[in-house]
Amino acid sequence: IAGITQAPTSQILAAGRRMTLRCTQDMRHNAMYWYRQDLGLGLRLIHYSNTAGTTGKGEVPDGYSVSRANTDDFPLTLASAVPSQTSVYFCASSRTGDSNQPQHFGDGTRLSIL
Amino acid sequence: GQNIDQPTEMTATEGAIVQINCTYQTSGFNGLFWYQQHAGEAPTFLSYNVLDGLEEKGRFSSFLSRSKGYSYLLLKELQMKDSASYLCAVTDSGYALNFGKGTSLLVTP
């Protein structure tokens with residue numbers, strides 16, 4: 001079944017550690033996104049990529065980095081995790097980066113930083 | 001920037017009709033989305049409106065008034081499985097979806 005796969009499903013991480021959240025899609029979508037979802041705050045965009053080789057900053061990019069080496073993969077890295085990065089992280093994709101395109105979401109990664 | 005407001009919680013009875021409102025203020029507007037998110041799951045796309053009026057898709061309809069910065073999602077013949085959060089999201093001329101905080105709908109027997 002075509003879709004978006006995120007890994008790991010959940011993770012508990014010590015503060016200060018480096019962590020990469022993986023995201024892979026097989027829909028040949030050009031655009032991909034990373035969001036975090038926190039209680040009372042809703043979904044907030046961290047980084048996005050409109051096509052392979054390009055990335056951009058969203059609303060809350062500090063402490064996170066991304067890369068887009070190919071169409072399918074869009075990993076999110078926390079260089080040195082802090083407790084405020086405890087959240088549920090969703091990866092999403094859309095056919096193009098045009099704002100009228102619906103985004104399709106992965107099942108999320110639940111990350112706890114202790 | 002974007003300012004998107006939705007009610008935090010709503011309760012409705014199975015078989016009834018419920019309307020979830022969303023108001024927004026934006027410097028530019030290029031469409032409004034509604035997503036459904038069941039607890040512990042991913043958001044899923046429900047509807048997209050860019051022109052004024054009503055879009056109907058089975059039991060779900062979405063309405064937009066650009067001049068009023070207002071949209072609503074109408075759910076008919078409510079079923080227990082409709083208990084979920086409903087997310088309103090607005091796009092401006094950029095690439096990002098800006099989400100409201102969501103409305104948690106509880107459908108009771």
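Quick note on labels: first sequence line is chain A, next is B, and so on, each numbered from 1.
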Counting only heavy atoms not in B/Glu14, do more than 12 fall under 6.0 Å of its CD? yes

Flag side-chain contact, heavy atom, 4.5 Å: A/Gln103 against B/Tyr35: yes

Just to be sure I understand the criterion: a residue of residues 63-72 of chain A counts if one of its heavy atoms is under 4.5 Å from a heavy atom of chain B. Which ones qualify? none

Nearest 0.5 angstrom please: B/Lys101 NZ to A/Arg44 CZ, how far? 10.0 Å

Treat each ILVMFWY residue as a node, draw an edge where side-chain heavy atoms are under 4.5 Å apart, and state whether B/Tyr86 and B/Val18 are in one component. yes

Would you say that more than 12 heavy atoms from the other residues, nucleotides or ligands in this model lie under 6.0 Å from the CG of A/Leu39, or not? no

A side-chain contact here means heavy atoms from C-beta on lying under 4.5 Å apart; do A/Asn100 and B/Thr91 qualify? no

When the 4.5 angstrom heavy-atom criterion is applied to A/Gln101 and chain B, the contacting part is backbone

Hydrophobic cluster membership, with links at side-chain heavy-atom distances under 4.5 Å among I/L/V/M/F/W/Y: are B/Leu74 and B/Phe60 in one? no

Shortest non-hydrogen contact from B/Leu97 toward A/Tyr35: CB-OH, 3.6 Å

Atom CG of B/Leu32 and atom OG of A/Ser99: how far apart are they, to the nearest 0.5 Å? 11.5 Å

Applying the 4.5 Å side-chain criterion to the ILVMFWY set and letting contacts propagate, would B/Leu73 and B/Phe29 be lumped into a single cluster? yes

By a 4.5 Å heavy-atom criterion (distance strictly below it), what part of B/Leu87 contacts chain A: side chain, backbone, both, or neither? side chain

Co-membership, hydrophobic cluster, residues A/Phe90 and A/Leu111, 4.5 Å side-chain: no

Using a 4.5 angstrom heavy-atom cutoff, name the option from A/Gly40, A/Gly108, A/Ser94 with the most pairs to chain B. A/Gly40

Can you name the residues of residues 40-59 of chain B that have some heavy atom under 4.5 Å away from a heavy atom in chain A? B/Gly40, B/Glu41, B/Ala42, B/Pro43, B/Phe45, B/Tyr48

Between A/Trp34 and A/Leu45, is there a shared hydrophobic cluster once you connect ILVMFWY residues whose side-chain heavy atoms come closer than 4.5 Å? no

